[in-house]
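Because the structure is predicted, anything quoted here is derived from the model rather than measured.
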Number of protein chains: 2
Amino acid sequence: MGLAKTEMFTDQQNQISVFAKAFGHPARVAILQHLFKIDACFCGDLVKEIGLAQPTISQHLKELKYLGLIKGTVEGTSVCYCIDTENWTEMKDIMTEFLGQDLLPKDECC
Amino acid sequence: MGLAKTEMFTDQQNQISVFAKAFGHPARVAILQHLFKIDACFCGDLVKEIGLAQPTISQHLKELKYLGLIKGTVEGTSVCYCIDTENWTEMKDIMTEFLGQDLLPKDECC
DNA sequence: AATATTAATCGTAATATTGCAATGAATTAA
DNA sequence: TTAATTCATTGCAATATTACGATTAATATT
């Protein structure tokens, strides 16, 4: 069906998967890393930096913005993008908890 | 095209996106959480626990196994699945580094 | 006003993902 | 041997994702 049956899962499980999906494309990983490095950035800069077409970058930015991981402010004809640190921290906590599940000592069960 | 242009990105960026994609479906999140909780588990248990059809669970298990996050051992007619702790830790380090990028103090740039 | 710049949106093609019924393979139980 | 159990695989339908050319919208510059 191509459609996840989200109603079968907990809010936490769905939330983890939604954030993870945001990182599920190398272009979005690259965008986020660049925003961390540069601290503020225009769409055109990312087009040059990454090498994908402008509509493609714009689409990836839209997704990241929709999830709240970045925010964009209009500056003349440009839009300045940067990390939304508050939401990033919140997301990080959720993901870190998932990744840090205790590994039981007798893990070599099979 | 529906196809990521992986050659434009670093190995690290691609690696992050591949792991993230594994967590990009709530069923796989649920499977991993259950394996952490139960420590060892048969496919049939997960079918009951999660509620998706057996072929669907089997497919998700296959992906997680392909990435090395879990391993499965045949036990009679069953297959016992569990977390591959070594690879999990390796993945965790990669993801944690990405998530933990330093947030510069003057973050409210826009 | 006319033009340039920047980025979003639309439309579309190609590919990937999700889900399951049906089937198959391997082992165990009777 | 036959039947039952467990899981993988196949094949298919529905939907999602990725990418980009063309266009549009908004502002800035001349």
Side-chain angles (χ1 to χ4, degrees), chain A residues 1-9 13-14 17-31 34-35 40-67 70-82 110, chain B residues 1-9 13-14 17-31 34-35 40-67 70-82 110:
Chain A
M1 302 235 168
L3 181 61
K5 296 192 159 181
T6 53
E7 74 280 1
M8 316 183 80
F9 304 100
Q13 287 163 343
N14 283 313
S17 72
V18 166
F19 281 131
K21 211 184 277 187
F23 308 138
H25 193 290
R28 289 191 289 270
V29 171
I31 287 171
H34 199 250
L35 290 183
C41 193
F42 299 107
C43 177
D45 298 338
L46 290 162
V47 172
K48 277 179 215 155
E49 174 75 17
I50 293 176
L52 291 170
Q54 179 267 320
T56 307
I57 297 294
S58 191
Q59 202 173 331
H60 285 307
L61 287 168
K62 188 181 177 182
E63 284 183 61
L64 293 172
K65 197 177 168 188
Y66 173 74
L67 288 179
I70 64 173
K71 47 188 171 180
T73 310
V74 178
E75 288 187 12
T77 59
S78 307
V79 177
C80 175
Y81 284 102
C82 65
C110 48
Chain B
M1 302 232 165
L3 180 61
K5 298 191 158 180
T6 53
E7 73 280 2
M8 316 182 81
F9 305 100
Q13 287 164 344
N14 283 313
S17 72
V18 166
F19 282 130
K21 211 183 280 187
F23 307 138
H25 194 291
R28 289 191 289 270
V29 171
I31 287 171
H34 199 250
L35 290 184
C41 193
F42 299 106
C43 176
D45 298 338
L46 290 163
V47 172
K48 277 179 216 155
E49 173 76 17
I50 293 176
L52 291 170
Q54 180 266 321
T56 307
I57 297 293
S58 190
Q59 201 173 330
H60 286 306
L61 287 168
K62 188 181 178 183
E63 284 183 62
L64 293 172
K65 197 177 170 188
Y66 174 74
L67 288 180
I70 64 173
K71 47 187 173 181
T73 311
V74 177
E75 287 187 15
T77 59
S78 307
V79 178
C80 175
Y81 283 103
C82 65
C110 50

Exercise. Mind jotting down which residue pairs meet the salt bridge (Lys or Arg N to Asp or Glu O under 4.0 Å) criterion with at least one end in residues 45-59 of chain B? Sequence neighbours excluded, please.
Key: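 As it turns out, there is no salt bridge (Lys or Arg N to Asp or Glu O under 4.0 Å) pair with a partner in residues 45-59 of chain B once direct neighbours are skipped.
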Quick one: closest heavy-atom pair of [X] and [Y], and the distance?
X     : Y     : value
A:I31 : A:L64 : CG2-CD1, 3.9 Å
B:L35 : B:Y81 : CD2-O, 3.6 Å
A:L52 : B:F9  : CD1-CZ, 4.1 Å

In whole Å, I'd like the distance from the [atom1] atom of [X] to the [atom2] atom of [N].
X     : N      : atom1 : atom2 : result
A:L52 : D:dA19 : CG    : C1'   : 8 Å
A:H60 : C:dA7  : NE2   : C1'   : 15 Å
B:I57 : D:dC7  : CD1   : P     : 11 Å
A:E63 : C:dT9  : CD    : C1'   : 14 Å
B:L61 : D:dT6  : CG    : P     : 16 Å
A:L46 : C:dA8  : CG    : C1'   : 15 Å
A:I50 : C:dA7  : CD1   : P     : 13 Å
A:Q59 : C:dC10 : CD    : P     : 11 Å

Quiz prompt | side-chain N/O A:K62 vs C:dT9 OP1/OP2, d < 4.0 Å | solution =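 So the side chain of A:K62 is within the cut-off, an N or O lying under 4.0 Å from OP1 or OP2 of C:dT9.
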Self-check item: Reading 5' to 3' through nucleotides 23-30 of chain C, protein heavy-atom contacts under 4.0 Å coded B for base, S for sugar-phosphate only, - for none
Solution: ----BS--
What is the nucleic acid contact for [X], judged by heavy atoms within less than 4.0 Å: base, sugar-phosphate only, or nothing?
X     : value
B:K65 : nothing
B:T56 : base
A:S58 : base

Exercise. Using the six-membered ring wherever Trp is involved, compare the ring planes of A:H25 and A:H60 and label them parallel, tilted or perpendicular (cut-offs 30° and 60°).
Key: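 Ring orientation of A:H25 relative to A:H60: tilted.
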Self-check item: 5'-most by nearest nucleotide on DNA chain C - A:C43 or B:R28
Solution: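 Nearest nucleotide further toward 5': that of A:C43.
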Exercise. Could you check B:G51 against A:G44 and say which one's nearest nucleotide on DNA chain C is further toward the 5' end?
Key: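 Its nucleotide being nearer the 5' end, the pick is A:G44.
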Self-check item: Closest to the B:V79 side chain, choosing from C:dC20, D:dC7, C:dT17
Solution: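 In terms of side-chain proximity for B:V79, the closest of C:dC20, D:dC7, C:dT17 is D:dC7.
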Practice problem: Please tell me which of the listed nucleotides, C:dA8, C:dC20, C:dT9, lies nearest to the side chain of B:P55? | Solution: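 Closest nucleotide to the B:P55 side chain: C:dC20.
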Quiz item: NE2 of A:H34 to CD of B:Q13: how many Å apart, nearest 0.5 Å?
Solution: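 Atom-to-atom, A:H34:NE2 and B:Q13:CD are 10.5 Å apart.
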Self-check item: Complement of C:dA29, any strand, by Watson-Crick or G-U distances under 3.5 angstrom
Solution: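 Base partner found: D:dT2.
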Practice problem: With sequence neighbours left out, write down each residue that passes salt bridge (Lys or Arg N to Asp or Glu O under 4.0 Å) with B:E63, or none if nothing qualifies. | Solution: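 Listed in chain order: B:R28.
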